[in-house]
Amino acid sequence: MKWSNYFIPTQKEAPKEAETISHKLMIRAGLIDKLSAGVYTYLPLGLKVLRKVENIVREEMNNSGAVELLMPSLQPASLWKETKRFDKMGKDMITFIDRHNREMIFGPTHEEVITDIVRKYVKSWKQLPIILYQIQTKFRDEIRPRFGVIRAREFLMKDAYSFDINEKGLDNSYNLMKETYKKIFSRCGLKFKIQEADSGVIGGKFSEEFVAEGECNELEVGHIFKLGTEYSLSMKAYFVDKYGKESPIYMGCYGIGVSRIIAAIIEGNYDKNGIIWPLSVSPFEVVIIPINMSDYEIKNISEKIYKDLIENGIDVILDDREESAGFKFKDADLCGFPYQVVIGKKIKEKKVEIKARSTNKTEDINFEKVTDYIKDILREEKK
RNA sequence: CGGGGCGUAGCGCAGUCCGGUUAAGCGCGCUUGGUUUGGGACCAAGAGGUCCUCGGUUCAAAUCCGAGCGCCCCGACCA
């Protein structure tokens with residue numbers, strides 16, 4: 001990607017409404033734009049990070065044996081009345097009356113919908129256990145949206161639901177998800193702790209939350225629940241066991257705030273100059289900075305290195321703007337790309353400089369060896 | 001929903017207390033031309049405003065009064 005063709009509206013100053021570091025940096029680095037309280041656009045760079053996080057979540061969920069599906073955001077209120085949660089959720093739900101005078105809601109979570117699916121199609125112990133999940137936008141009319149995307153009214157969530165024949169099976173599914181979550185958060189470069197939590201309006205017997213470490217006390221990046229038979233009883237989701245007896249399905253549910261992960265990563269990975277992305281979720285792995293675009297040699301070699309890196313499958317952005325060197329350095333640091341390839345005067349000695357964002361260490365290397373060098377360090381880091 | 005703060009150019013702000021010629025200002029950003037290019041360059045010229053909205057007071061309102069809307073922070077609440 002060439003910077004001049006892309007869309008990264010960086011800002012020197014953050015709007016005053018942003019107070020937490022992740023919120024400020026997400027706006028300054030051109031990741032998000034606020035439309036309304038708790039409602040954000042993901043700008044191209046932000047979307048790229050979101051997709052990378054999403055894919056890590058998807059990969060690890062799939063590895064665990066969970067199966068992806070996609071449920072609707074629009075749901076009939078009637079479903080929520082079956083479980084008595086329509087009143088329990090109350091004003092946290094965004095509701096409306098459709099033209100046929102039916103009460104509808106924008107899904108804040110999907111226990112009701114998934115249980116409806118399972119009660120329709122799962123009839124026998126032979127179909128269990130199963131874990132179904134989706135990555136989808138949730139809507140919650142938060143009492144008080146805050147801290148940018150950390151508490152938003154519309155946000156991307158991965159929600160998974162497990163179905164088992166008994167409590168022991170539920171424990172297995174629960175522990176499987178717990179281990180999967182550890183892998184996901186580690187791959188995202190997050191430091192976290194797991195603590196027992198209140199189950200709140202989701203209900204169930206037992207829950208634990210994954211809390212990311214950072215300056216901002218954000219209420220958590222993941223939460224796992226043992227629901228038991230609460231929903232299966234109220235919604236009549238039964239299966240027939242091997243003795244021919246009908247029993248309620250044991251359920252668990254497991255949420256990850258995908259968009260919240262991004263803020264959590266930033267809270268734990270930044271310095272005075274901006275974001276320091278872990279390689280696994282960085283919007284680009286490498287940024288190429290030609291110091292002077294009107295110098296033909298610098299320009300040509302930058303283009304050459306750029307093409308070379310692309311051909312080798314490296315996610316690279318070329319800062320081909322007619323801006324001063326300092327300006328480009330500031331933007332590169334702010335946006336937090338892990339590696340900067342700086343092409344300047346040293347090109348006369350066939351050398352370019354490679355800087356690691358996280359350590360600030362630089363190394364001069366022959367411009368023809370850049371691709372191999374980058375490939376080596378990326379491979380090393382991805383281990 | 002209780003408490004606090006804010007709303008003036010894309011962003012950050014001054015001006016509001018004490019109404020009037022500071023007849024709407026500054027920094028950054030933006031446009032054009034030129035010179036630059038290793039840490040948010042310099043010179044010159046320029047563009048950009050329903051001063052949140054509506055109503056009231058007044059000879060006169062960004063400024064005073066009333067209502068509303070929006071945004072942020074603390075709390076309660078929550079995944």
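Throughout, protein chains are lettered first and strands after them, A, B, ... in sequence-line order, and every chain is numbered starting at 1.
Computed from coordinates, the Lys24(A) NZ to C72(B) C1' distance equals 12 Å when rounded to whole Å. Rounded to an integer number of Å, the gap from CD of Glu322(A) to C1' of C30(B) is 17 Å. Rounded to an integer number of Å, the gap from Asp319(A) CG to U37(B) P is 18 Å. Going from atom NZ of Lys355(A) over to atom C1' of G38(B) covers 11 Å, rounded to whole Å. Between Asn360(A) atom CG and G39(B) atom P there is a gap of 14 Å when expressed in whole angstrom units. Whole-Å rounding puts the Ile202(A) CD1 to C77(B) P distance at 18 Å. Between the P atom of G70(B) and the CZ atom of Arg144(A) lies a distance of 16 Å, rounded to the nearest Å. Going from atom CZ of Arg146(A) over to atom P of C78(B) covers 13 Å, rounded to whole Å.
Here OG of Ser78(A) is found 9.5 Å from CZ of Phe86(A). Values are rounded to the nearest 0.5 Å.
Among residues two or more places apart in sequence or in another chain, the side-chain hydrogen bond (donor to acceptor under 3.5 Å, both in side chains) test is passed with Arg51(A) by Glu54(A). Glu167(A) meets the salt bridge (charged side-chain N to carboxylate O under 4.0 Å, His left out) test with Lys205(A); sequence neighbours excluded. Evaluation of the salt bridge (charged side-chain N to carboxylate O under 4.0 Å, His left out) rule for Glu59(A) yields Arg187(A) as partners, not counting sequence neighbours. The salt bridge (charged side-chain N to carboxylate O under 4.0 Å, His left out) search around Arg140(A) returns none, not counting sequence neighbours. In this structure, the side-chain hydrogen bond (donor to acceptor under 3.5 Å, both in side chains) partners of Thr83(A), at least two apart in sequence or on a different chain, are Glu112(A). For Asp98(A), the salt bridge (charged side-chain N to carboxylate O under 4.0 Å, His left out) criterion is met by Arg102(A), not counting sequence neighbours.
In this structure, the nucleotide among C1(B), G40(B), C72(B) sitting nearest to the side chain of Glu19(A) is C72(B). Closest to the side chain of Lys330(A), out of G40(B), C78(B), A76(B), is G40(B).
Residues of residues 31-65 of chain A having a heavy atom closer than 4.0 Å to RNA chain B, listed by number: Lys34(A), Ser36(A), Ala37(A). Sorted by residue number, the members of residues 284-306 of chain A with any non-hydrogen atom under 4.0 Å from RNA chain B read Ile291(A), Asn292(A), Ser294(A).
Arg28(A) comes within 4.0 angstrom of a nucleotide base, judged by non-hydrogen atoms across all strands. When heavy atoms are screened at a 4.0 angstrom cut-off, Glu209(A) is found touching no nucleic acid atom at all. Looking at heavy-atom distances under 4.0 Å, Asp92(A) makes no contact with the nucleic acid at all. Within the nucleic acid shown, Val342(A) comes within 4.0 Å of at least one base atom, counting heavy atoms only. Within 4.0 Å of Gly255(A), counting heavy atoms only, lies no atom of the nucleic acid at all.
U53(B) and U63(B): their P atoms are spaced 10 Å apart (whole Å). Rounded to whole Å, the C1' atom of G2(B) lies 29 Å from the corresponding atom of G55(B). Between G68(B) and G12(B), the distance separating the two C1' atoms is 28 Å to the nearest Å. Comparing G15(B) with C6(B), their P atoms are spaced 12 Å from each other, to the whole Å. Look at the P atom in both C42(B) and C65(B): the space between them is 43 Å, to the nearest Å. Of the C1' atoms belonging to G5(B) and C43(B), the separation is 42 Å, rounded to the nearest Å. Comparing the P positions of G25(B) and G46(B) gives an interatomic distance of 15 Å, to the nearest angstrom. Spacing between U58(B) and C13(B) at atom P, rounded to whole Å, works out to 36 Å.
Judged by distance alone, the side chain of Arg260(A) and the main-chain N or O of Glu220(A) form a donor-acceptor pair under 3.5 Å. No donor-acceptor pair under 3.5 Å is formed between the side chain of Tyr270(A) and the backbone N or O of Leu25(A). Checked by atom type and distance alone, the side chain of Asp320(A) never pairs as donor or acceptor with a backbone atom of Lys2(A) at under 3.5 Å. For Tyr373(A) (side chain) and Phe367(A) (main-chain N/O), no donor-acceptor pair under 3.5 Å exists by modelled atom type. Lys123(A) places a side-chain N or O within 3.5 Å of a backbone atom of Arg119(A) that can act as its donor or acceptor partner.
Pair assignment for G75(B): C1(B), on the basis of Watson-Crick or G-U wobble contacts that are both within less than 3.5 Å. In a base pair of the Watson-Crick type (N1 to N3 plus N6-O4 or O6-N4) or a G-U wobble (N1-O2 and O6-N3), with each distance short of 3.5 Å, A44(B) is matched with U32(B). The base-pairing partner of C6(B), taking Watson-Crick or G-U wobble contacts with both distances under 3.5 Å, is G70(B). As the counterpart of C18(B), no nucleotide is assigned, since no Watson-Crick or G-U wobble pattern has both distances under 3.5 Å.
Comparing Lys91(A) and Phe155(A), the nucleotide of RNA chain B nearest to each residue sits closer to the 5' end for Lys91(A).
Hydrophobic side-chain contacts under 4.5 Å tie Leu233(A) into a cluster, directly or through other members, with Tyr238(A). Leu70(A) shares a hydrophobic cluster with no other residue; no ILVMFWY side chain has heavy atoms under 4.5 Å from its own.
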Enumerate the protein-to-nucleotides 4-14 of chain B contacts in which both atoms are nitrogen or oxygen and the separation is below 3.5 Å.
unit_1: C6(B); atom_1: O2'; unit_2: Lys16(A); atom_2: NZ; d: 2.8
unit_1: C11(B); atom_1: O2'; unit_2: Glu13(A); atom_2: O; d: 3.4
unit_1: G12(B); atom_1: OP1; unit_2: Lys16(A); atom_2: N; d: 2.8
unit_1: G12(B); atom_1: O2'; unit_2: Glu13(A); atom_2: OE2; d: 3.2

Under 4.0 Å protein heavy-atom contact, by nucleotide of nucleotides 41-54 of chain B - B base, S sugar-phosphate only: S-------------
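A salt bridge (Lys or Arg N to Asp or Glu O under 4.0 Å) with Asp333(A) is found for exactly one of Lys328(A), Lys272(A), Lys355(A), namely Lys355(A).
No side-chain N or O of Tyr181(A) forms a donor-acceptor pair with one of Glu208(A) less than 3.5 Å apart.
One donor-acceptor pair, N or O on each side, does fall under 3.5 Å between the base of G40(B) and the side chain of Asp331(A).
Counting heavy atoms of neighbouring residues, nucleotides and ligands inside a 6.0 Å radius, atom NZ of Lys236(A) does not exceed 12 of them.
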